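No hydrogens, no waters, no symmetry mates; every other heavy atom, side chains included, goes into these values. Fair warning: this is a prediction, and the values are worked out from it, not measured in the lab. First the proteins, then the strands, lettered A, B, ... as listed; each starts at 1.
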Amino acid sequence: MLKTHNCGELRREHVGQTVTLAGWVNRRRDMGGVVFFDLRDRNGKTQVVVNSGRSQEAFDVVSQVQREYVLQVTGEVGLRPEGQDNPDLPTGEIEVTADSVTILNPAKTPPFLIDRDEVVDESLRLKYRYLDLRRERLQRNLTIRHKAIKFIRDFLDERGFLEIETPILFKSTPEGARDYLVPSRVHPGKFYALPQSPQQLKQLLMVAGYERYFQIARCFRDEDLRADRQPEFTQLDMEMSFVERDDILDLIEELMVGMVKTASIVPLAYEKFPRMSFAEAVSRYGTDRPDVRFGLELTDISDLVADSAFRVFSANVAAGNPVKAICAPGCGGYSRKQMSELEALAKDAGAKGLAWMAIHPETEQIRGPIVKFFSVEQLIAITERMDAKPGDLILISSDTELVVREVLHTLRMEMGKRLGLTDTNSLAFVWIIDFPLFEETLEDGHYAPSHHMFTMPKREHIPLLDTDPHAVLSDQYDLVCNGFEVAGGSIRIAERPLQRKIMELIGFSMEEAMEQFGHMLEAFEYGAPPHGGIAPGIDRLVALMAGEPNIREVMAFPKTAQATDLMSDSPSEVAQKQLDELHIAVKESKKA
RNA sequence: GGGGGCGUGGUGUAGUGGUUAACACGCCGGCCUGUCAAGCCGGAGAUCGCGGGUUCGACCCCCGUCGCUCCCGCCA
């Protein structure tokens, strides 16, 4: 080793020892006859003193040194002079007085400062990712990520899970997301696909009798990116045999609590995760991934306004549509400009307009463009139902159930943000259960699965498949944290007749099914155990635990929103020879 | 595919239809033996993302384009 100690480990008890450190020059402070600098490695920083009076040779070397030079320093650990401790550094009580300094490698001045957490344009950070990764923020985040994954492996290992790798080159299926394709050289015109998730393979491992499987699995989806979506990402993919829904929920809950306690810098809001039905979630929050850190819940006031003079409301209620509202405390003084911002948001979410009432903080007078349509009794009833106080703002939406949900969910999140209720100072997990088996809308006369084809209907709902498929609930579950979906899974259908019935409802012909899932369906004929699983998204969880706003901050080498890598400049063109071998002809792009 | 935001020395920002394009950090040189965001003195460094247009004159206004980003569509 080129060093005897790490730069973060020297303490008072090392005083008097001669040590050798190696690392990067963090910052130099040149006093003339004495030079200080902090030597940095992944472990931390240690102040090095180079005194011309002690070692002229070391002093001469250091006089040429610039920031980010890679040095090896040998010297004696000493206590700093009285009153010169640096309480900001764990090593701040000591310093190393250099006897010799070796330049292991010089360094160009970096395009941005490594030792300061200043905002730098993200494209520059991505181009010089290896320098960005030197900075404290990403080192911290990747350490959190490591600790989380280490915890997961240990936790599942202790509980009898086997980590099994599955192929990256697999089969394309037209279902779900767009696949990344890999051309076959050996089989002209044929392609592998990179897995969107190891879904099929883990179910086959259950058929194979492995009972408890997991994998830290890389997944690929060729879809447009978001702050929480990258073309390749990592899931904790897992599956268990002979389990029921609550076995999986209990296990994952214990895993999450342990992982957060081990790795997170953001604490849990609570340890017992609430379990909320899909129906309750959309009714209270307007979404199936509610941010439950704050209230502002949706409240139905249809009955109170059904016979009001405001035609929009009364007509909507008569048509069987709801009138719902949220109450934003302290926002009653919103200006015309602020209200039109909210209205724009509401319209963006599908609303035709935005009704509102504001209660004056002192006079308690209610103002708003629609107030004149309501009797005093109606206004009082509404404010009481909403639990609105003087100074509050009531935002009202009336439309179809779906639009009302979307609009009020959007407004609720906006008001949560404006009121500072979404700051990342705690993690509020909630289970969403009892999803409908099918989506509400029909696709070409057939039912569309809300999760995937292998999701198990709730046992007691199976008879409903023949009479009222939309009423069928399933053993699908999502784990949501601070409004982000962080895991999703289900109990699977292991029985062929039930599988066949679902496929018929979806409109899958036997031929299609055999072509795409033949291996699965055949496998299920050889004794498939009841099984189920879940797949927590590692990137999203780590981002939440690190308090980061996007998952790029917790990935070593992420891609841009255009799915490019600015460091290596990929994707890039390839040699004609490579294309020829793969039997690929590139079409001229329309733009060119 | 659509919509919004951003683009000014190496970095982060300020800026106005006519300026010598400003400030901080960084960088270079000098001074300094107890600094730790060291300090002090001096200096270099910008065709204001790119292209076109309007104008006597554009960093500023308009159009296009490229890059980054957020959102919708898409995607568990």
Side-chain angles (χ1 to χ4, degrees), chain A residues 26-40 45-54 59 66-68 78 80-89 91-92 95 97 108-128 131 175-179 196-197 199 219-231 233 235 237 288-289 344-345 347-350 406 410 413-414 432 435 449-452 455 476-480 484-490 534-537 540 549-550 552 558-564 566 569 590-591:
Chain A
N26 196 55
R27 198 182 265 277
R28 229 171 71 107
R29 295 175 292 276
D30 188 341
M31 303 288 111
V34 62
V35 174
F36 299 89
F37 60 87
D38 297 319
L39 199 66
R40 183 191 71 236
K45 288 180 276 194
T46 299
Q47 172 163 288
V48 176
V49 196
V50 187
N51 194 318
S52 56
R54 177 170 174 127
F59 189 82
Q66 299 166 23
R67 65 181 68 223
E68 299 309 313
R80 295 192 185 190
E82 187 70 28
Q84 296 196 356
D85 293 0
N86 184 349
D88 297 333
L89 285 182
T91 60
E95 61 192 4
T97 305
K108 298 209 296 191
T109 301
F112 49 82
L113 292 178
I114 306 299
D115 64 320
R116 194 183 296 180
D117 188 25
E118 64 179 357
V119 177
V120 177
D121 183 70
E122 194 163 356
S123 49
L124 195 70
R125 293 177 57 202
L126 289 169
K127 180 175 178 188
Y128 296 99
L131 296 180
E175 302 289 294
R178 197 176 292 115
D179 283 323
Q196 297 175 23
S197 81
Q199 181 63 37
C219 306
F220 305 85
R221 289 178 191 159
D222 188 4
E223 296 291 348
D224 288 336
L225 283 70
R226 288 285 188 284
D228 61 350
R229 277 170 21 196
Q230 283 269 309
F233 58 99
Q235 285 186 342
D237 189 58
D288 60 0
R289 46 181 177 86
L345 272 170
K347 285 185 171 169
D348 221 36
E406 186 63 31
T410 302
M413 293 310 293
E414 174 68 18
I432 308 299
F435 280 77
S450 69
H451 187 48
H452 57 60
T455 302
Q476 181 199 337
Y477 32 83
D478 279 1
L479 183 61
V480 172
F484 292 95
E485 184 197 321
V486 293
S490 63
I534 191 167
R540 287 179 187 179
N550 68 65
R552 294 187 300 278
K559 293 184 175 52
T560 68
Q562 308 306 318
T564 61
L566 297 178
D569 191 30
K590 269 174 270 175
K591 278 183 193 167

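- A heavy-atom distance below 4.5 Å is not found between the side chains of A:P231 and A:D222.
- When the options A:R28, A:R67, A:R40, A:K45 are evaluated for a salt bridge (charged side-chain N to carboxylate O under 4.0 Å, His left out) with A:D115, the one that passes is A:R67.
- B:rU11 and B:rG2 have their C1' atoms separated by 34 Å, given to the nearest Å.
- Note on A:R229: a base of the nucleic acid sits closer than 4.0 angstrom, heavy atoms only.
- Taking atom CG of residue A:D224 and atom P of nucleotide B:rG73, one finds them 12 Å apart after rounding to whole Å.
- As rounded to the nearest Å, B:rC74 and B:rG57 have P atoms that lie 49 Å from one another.
- Contact between the side-chain N/O atoms of A:S123 and the OP1/OP2 oxygens of B:rG67 is not found at any separation under 4.0 Å.
- Applying the 4.0 Å criterion to OP1 and OP2 of B:rU11, one finds that A:R125 has every side-chain N and O outside that range.
- When side chains are defined from C-beta on, A:V35 counts as touching A:F59, because their heavy atoms get closer than 4.5 Å.
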> Could you run down nucleotides 33-51 of chain B 5' to 3' and tag each one B, S or - for protein heavy-atom contact under 4.0 Å?
Replying inline: BBBBBB-------------

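- Rounding to whole angstrom units, CG of residue A:L113 and C1' of B:rG12 are separated by 10 Å.
- Whole-Å rounding puts the A:Q562 CD to B:rG2 P distance at 12 Å.
- In the model, A:D179 has a side-chain atom that pairs as donor or acceptor with a side-chain atom of A:Q196 under 3.5 Å.
- Distance A:F112 CZ to B:rG9 P: 16 Å, rounded to the nearest Å.
- A:E485 comes within contact range of at least one nucleobase, with a heavy-atom separation under 4.0 Å.
- Checking A:Q47 against A:R27 by side-chain atom types alone, no donor-acceptor pair falls below 3.5 Å.
- Residue contacts shown for A:E82 are absent, as no nucleic acid heavy atom lies under 4.0 Å away.
- Counting to the nearest Å, the C1' atom of B:rG2 and the CG atom of A:D348 are 12 Å from each other.
- Distance, A:L124 CG to B:rU13 P: 12 Å, rounded to whole Å.
- As a whole-Å value, the separation of A:L131 CG from B:rG26 P is 18 Å.
- Only the P atoms considered, B:rC61 is 38 Å distant from B:rC41, to the nearest whole Å.
- Two residues, A:V120 and A:Q66, neighbour RNA chain B, and the one matched to the more 5' nucleotide by heavy-atom proximity is A:V120.
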